[in-house]
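Side chains included, hydrogens not; waters and symmetry mates left out as well; all remaining heavy atoms used. Lettering of chains follows the sequences in order, A, B, ..., and the numbering in each one begins at 1. The shown structure was predicted, so the numbers you read here are calculated from the model rather than taken from an experiment.
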There are 2 protein chains.
Amino acid sequence: MGFNYPRAAITVDCVVFGFDEGELKVLLIQRGIAPFKGKWALPGGFVRTDETIDQAAGRELLEETGLTNVFLEQLYTFGAVDRDPRERVVSVAYYALVKLCEHPATGASDAAWFPVAKPPTLAFDHAEILKTGLSRLRGKVRYEPIGFELLPEKFTLSQLQHLYESVLQTTLDKRNFRKRILSMELLVSLEGELCSGAHRPAQLFRFDAEKYAALKEAGFNFEL
Amino acid sequence: MGFNYPRAAITVDCVVFGFDEGELKVLLIQRGIAPFKGKWALPGGFVRTDETIDQAAGRELLEETGLTNVFLEQLYTFGAVDRDPRERVVSVAYYALVKLCEHPATGASDAAWFPVAKPPTLAFDHAEILKTGLSRLRGKVRYEPIGFELLPEKFTLSQLQHLYESVLQTTLDKRNFRKRILSMELLVSLEGELCSGAHRPAQLFRFDAEKYAALKEAGFNFEL
DNA sequence: TGTATTGGTGTCTTATTGACACCAACCAAT
DNA sequence: ATTGGTTGGTGTCAATAAGACACCAATACA
């Protein structure tokens with residue numbers, strides 16, 4: 001049964017997060033065609049029959065934003081009957097985490113970064129998808145070291161703290177934060193490499209992904 | 001674009017968990033038709049164009065197992081190209097938690113409960129879906145009070161502890177477990193109602209869902 | 001030279017976690 | 001009636017983790 005029924009189309013949509021100027025941002029595309037022409041929307045498009053859904057998400061991300069080789073994970077599937085005014089479309093949403101500093105150009109001229117706190121009016125049910133993505137990011141950042149996906153390879157402890165404060169919408173004690181994050185021994189201090197500015201230079205660190213993988217295998221749990 | 005492409009079919013599949021005889025179980029259906037005729041599979045079927053995916057999951061669960069009014073939540077969407085040998089089928093998987101004691105009959109005669117630890121060979125990629133569901137359940141049971149969905153309305157603290165031990169694959173200290181679970185004040189002691197047997201009778205409790213909803217609203221987090 | 005800005009550090013108090021052992025109440029068998 | 005088997009129910013203490021808290025250092029720029 002089922003093979004002769006009219007079929008829904010399947011799309012992917014990507015909630016692309018970036019962190020810049022101490023603020024969490026989302027990458028949106030301005031639609032050039034109806035419906036919702038001129039409105040901002042999540043990058044995405046139709047899934048082809050010869051590619052997996054994961055592949056479709058990666059492909060659309062590359063085509064629409066120029067981004068590749070970024071953290072990309074399935075988020076949730078949205079299947080309300082009327083979510084697309086044209087016809088039945090089921091969308092498998094993904095979320096991506098981008099090292100914004102290393103991908104400064106968004107590629108497409110119709111793409112722009114918006115603060116997640118005050119996005120423009122979005123097409124389709126993309127506001128709901130964004131909200132779901134944000135909620136997932138907030139939940140996951142506390143027990144998986146995915147925050148590093150939003151920072152450059154080399155970062156300072158202050159940058160990391162500000163990232164967490166921004167994502168979790170809270171403030172953290174500097175000494176306690178440094179104590180906890182360093183006690184996990186997942187950060188490698190890049191001796192001699194400093195970050196300068198109109199103030200005392202800061203020590204740069206990088207996240208040791210291999211060490212984390214090994215520890216995780218052995219039962220270690222990252223937490224906050 | 002996209003509207004004239006050949007389209008994948010969309011199905012739902014449900015990982016239905018139950019708890020019985022101190023063991024976590026999953027409800028499977030023996031397939032009566034090809035492909036995988038005679039093999040065991042997760043209950044599921046095609047999504048109709050006039051229903052949401054959530055509705056499809058609930059409907060298929062009712063049609064194939066007779067279960068209704070149970071905890072049902074989206075799990076993950078599986079979209080490998082060759083996961084169905086007939087043609088391209090994308091499946092949105094759900095997981096359900098059933099109070100097995102209160103739904104003793106499975107309805108359909110081709111349905112049966114299997115221990116999640118040693119399921120039979122499954123059709124399609126259902127082994128992977130089951131694995132994903134189990135992993136989700138293990139993760140979620142620790143920070144959301146969903147374990148109660150697997151127990152009768154009235155239960156003893158020992159039953160609850162055995163449920164957690166079974167799901168989390170660990171052993172828990174009786175006194176510490178009771179101390180923690182009671183300290184949350186989410187269990188209502190049903191005075192005078194006892195559970196008898198060939199031993200000292202046990203106090204029955206029920207989970208106070210309204211109180212949990214209120215506390216959660218105020219920022220409370222259930223944990224273990 | 002001094003002022004503004006961010007970087008970096010340790011202690012102490014309090015709260016949480018985790019280890020641990022015994023008696024109680026019932027049923028069943030003798 | 002007594003005994004043995006089985007599960008129910010309870011509190012303390014030690015170790016660990018969490019959280020509050022303030023000052024000096026290094027640089028750029030005026």
Length of the line joining [X]:[atom1] and [N]:[atom2], which is rounded to integer Å:
X: Phe177(A); N: dG7(C); atom1: CZ; atom2: C1'; answer: 14 Å
X: Phe205(B); N: dG8(D); atom1: CZ; atom2: P; answer: 12 Å
X: Leu172(B); N: dA19(C); atom1: CG; atom2: C1'; answer: 14 Å

Which parts of residues 215-224 of chain A get close to DNA chain D, meaning a heavy atom less than 4.0 angstrom away?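 Contacts with DNA chain D under 4.0 Å: none.
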Between [X] (side chain only) and [Y] (backbone N and O only), is there a donor and an acceptor less than 3.5 Å apart?
X: His126(B); Y: Ala41(B); answer: no
X: Gln74(A); Y: Thr77(B); answer: yes
X: Glu102(B); Y: Glu153(B); answer: yes
X: Glu60(A); Y: Ala57(A); answer: no
X: Gln161(B); Y: Phe177(B); answer: no

Going by an N to O cut-off under 4.0 Å, is there a salt bridge joining Arg83(B) and Glu128(B)?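 Looking at Arg83(B) and Glu128(B), the cut-off is not met.
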Between Arg180(B) and Glu223(B) (salt bridge meaning N to carboxylate O under 4.0 Å), is one present in this structure?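 A salt bridge is absent here (no side-chain N lies under 4.0 Å from a carboxylate O).
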List the residues meeting salt bridge (Lys or Arg N to Asp or Glu O under 4.0 Å) with Glu144(B), not counting sequence neighbours, and say none if there are none.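 Here the qualifying residues are Lys216(B).
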Salt bridge (Lys or Arg N to Asp or Glu O under 4.0 Å) against Arg136(B), all qualifying residues, sequence neighbours excluded: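 Testing Arg136(B) for salt bridge (Lys or Arg N to Asp or Glu O under 4.0 Å), a comparison that skips the adjacent residues, returns none.
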If you restrict it to nitrogen or oxygen atoms, what contacts under 3.5 Å exist between nucleotides 10-17 of chain D and the protein, and what is each distance?
from: dT12(D); atom 1: O4; to: Lys179(B); atom 2: NZ; distance (Å): 3.3

Is the distance from the ring center of Phe124(A) to that of Phe78(A) below 6.0 Å?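 No, too far apart.
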Give a yes or no on whether the ring-centroid distance for Phe207(A) and Phe205(A) is below 6.0 angstrom.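 No; Phe205(A) has its ring centre 6.0 Å or more from that of Phe207(A).
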Could you pull out the closest heavy-atom pair between Leu75(A) and Thr132(A), with the gap in Å?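 Here Leu75(A) and Thr132(A) meet closest at CD1-O, 3.9 Å.
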State, to 0.1 Å, how close Trp113(A) and Val16(A) come at their nearest heavy-atom pair, and which atoms those are.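 Smallest interatomic distance, heavy atoms only, reads CZ3-O, 3.7 Å.
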Stretch residues 149-167 of chain A: residues that reach within less than 4.0 Å of DNA chain C through a heavy atom: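 The answer is Ser158(A).
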Considering only nitrogen or oxygen atoms on both sides, find all protein atoms under 3.5 Å from nucleotides 26-30 of chain C and state each distance.
none

